[in-house]
Amino acid sequence: RHVDPSNIRSVAEIGAGYGRLAHMAVSRFPHWRYCIFDIPPAVVISQHYLAALLGEPAVRPVPAGEEAGADGDDAPRVRVFLPHQLEQFPDGYFDLVINISSFDEMSREQVENYFSLIDRKCSGWFYIKGHDVAPPWCQTSAGGLTELPYKASWTLVHQRKDPFSPSFIERIYRTPGGRAG
């Protein structure tokens with residue numbers, strides 16, 4: 001309802017786990033180019049899971065040192081990266097950035113770095129879902145998702161409690177350069 005998926009071309013998911021959201025997204029929206037940024041071993045698990053479901057040619061890991069941002073018409077639908085490789089993409093490259101419950105596993109400094117990267121690399125939409133109230137093990141903030149370092153230039157267009165897990169909330173932000181719809 002809040003974002004027109006036909007306007008989305010390139011997606012970044014930070015912390016994709018085993019890849020279930022990536023699989024659903026590229027199956028439903030075949031025109032999307034989906035980039036996963038995650039740490040080992042999760043990045044390897046998602047790569048193998050998605051290759052098994054989508055076929056080997058549809059998924060490609062990008063080795064460290066290879067230029068991350070270049071992709072032509074023959075590029076795989078899903079590319080898998082280590083977290084530091086997000087920096088290599090051109091500013092404004094992604095139409096949508098997604099994070100589901102991994103920022104609470106990071107230090108405040110790491111989250112601030114990701115939010116700065118999202119601010120630069122995303123010219124569209126940012127979807128985030130996480131704990132409404134931070135669990136005791138949370139490193140980022142005692143306040144949960146609402147106390148993360150959102151940028152003043154981002155516009156909150158949607159917020160609600162997750163209907164399946166009421167301890168979670170989800171938000172959608174329009175980032176500078178985002179298209180309405």
Side-chain angles (χ1 to χ4, degrees), residues 1-17 19-26 28-29 31-39 42 46 68-69 78-79 81 83-135 138-181:
R1 286 185 297 168
H2 304 285
V3 178
D4 180 356
S6 68
N7 287 334
I8 304 295
R9 295 282 177 254
S10 55
V11 177
E13 184 177 3
I14 299 167
R20 72 180 182 271
L21 180 60
H23 175 248
M24 185 279 310
V26 299
R28 176 111 196 266
F29 306 108
H31 67 280
W32 285 12
R33 299 290 182 173
Y34 207 98
C35 296
I36 290 173
F37 298 89
D38 213 335
I39 60 173
S46 63
V78 178
R79 293 185 296 162
F81 299 92
H84 70 276
Q85 291 177 294
L86 179 56
E87 178 68 42
Q88 297 174 9
F89 282 82
D91 289 352
Y93 183 87
F94 295 104
D95 301 310
L96 172 64
V97 174
I98 299 168
N99 178 269
I100 299 175
S101 193
S102 66
F103 287 143
D104 50 13
E105 299 171 356
M106 299 178 198
S107 70
R108 183 75 178 186
E109 181 180 319
Q110 289 172 309
V111 174
E112 287 172 357
N113 182 56
Y114 269 118
F115 274 52
S116 292
L117 283 169
I118 292 165
D119 194 46
R120 288 188 11 239
K121 305 301 178 181
C122 182
S123 63
W125 307 96
F126 174 43
Y127 173 85
I128 184 168
K129 180 177 177 178
H131 293 278
D132 186 14
V133 176
C138 180
Q139 296 183 36
T140 306
S141 164
L145 190 97
T146 58
E147 291 188 18
L148 294 178
Y150 301 100
K151 303 297 181 184
S153 60
W154 298 356
T155 304
L156 180 63
V157 296
H158 173 73
Q159 177 175 302
R160 73 173 181 167
K161 285 210 176 273
D162 183 276
F164 302 104
S165 182
S167 65
F168 277 60
I169 60 174
E170 60 183 0
R171 289 180 162 186
I172 300 172
Y173 287 88
R174 187 165 61 201
T175 61
R179 294 183 285 276

**Study point:** From CA spacing to verdict: side-chain contact (heavy atoms from CB on, under 4.5 Å), V111, L148
**Key:** CA-CA 8 Å; V111 174; L148 294 178; 4.1 Å; yes
Practice item. Mind running side-chain contact (heavy atoms from CB on, under 4.5 Å) on D132 and S167 for me, showing each step along the way? Key: CA-CA 6 Å; D132 186 14; S167 65; 5.8 Å; no
Where [X] and [Y] come nearest, the two heavy atoms and their spacing:
| X | Y | result |
| --- | --- | --- |
| G19 | S46 | N-CB, 3.9 Å |
| A22 | I36 | CB-CD1, 3.9 Å |
| D119 | S153 | OD1-OG, 3.6 Å |

Heavy-atom check, side chain of [X] versus side chain of [Y], under 4.5 Å:
| X | Y | answer |
| --- | --- | --- |
| N99 | V97 | no |
| I14 | I118 | yes |
| L145 | Y150 | yes |
| Y114 | L86 | yes |
| R9 | W32 | no |
| P83 | I39 | yes |
| W154 | P176 | yes |
| S107 | E112 | no |

Within this structure, what is the [atom1]-[atom2] distance for the pair [X] and [Y], rounded to the nearest 0.5 Å?
| X | Y | atom1 | atom2 | value |
| --- | --- | --- | --- | --- |
| F168 | I100 | CZ | CD1 | 9.5 Å |
| Y127 | R171 | OH | CZ | 12.5 Å |
| T146 | L156 | OG1 | CG | 11.0 Å |
| Y173 | K151 | OH | NZ | 12.5 Å |
| D104 | H131 | CG | NE2 | 4.5 Å |
| I128 | S102 | CD1 | OG | 8.0 Å |

Practice item. Output yes when a side-chain donor or acceptor of S101 lies under 3.5 Å from a complementary backbone atom of G130, and no otherwise. Key: no
Point to revise | Aromatic ring proximity F126/F115, centre distance under 6.0 Å | key: yes
Practice item. Would you please indicate yes or no on a ring centroid separation below 6.0 angstrom for F37 and F89? Key: yes
Check your understanding: Parallel under 30°, tilted from 30 to 60°, perpendicular over 60°: which one fits the rings of H31 and F29?
Key -> perpendicular
Revision key, fill the gap. Tested for side chain to side chain contact (heavy atoms under 4.5 Å, CB included) against E170, the lone hit among Q159, H158, K161 is H158
Exercise for review: Go through the steps to decide whether L96 and V3 satisfy the test side-chain contact (heavy atoms from CB on, under 4.5 Å), and finish with yes or no.
Suggested key: CA-CA 9 Å; L96 172 64; V3 178; 5.7 Å; no
Practice item. Go through the steps to decide whether K121 and Y93 satisfy the test side-chain contact (heavy atoms from CB on, under 4.5 Å), and finish with yes or no. Key: CA-CA 6 Å; K121 305 301 178 181; Y93 183 87; 5.6 Å; no
Check your understanding: Is R120 salt-bridged to D91, going by a charged N under 4.0 Å from an acidic O?
Key -> yes
Review point. So with a 6.0 Å cut-off around CZ of R28, is the heavy-atom count from everything else above 12?
Key: no
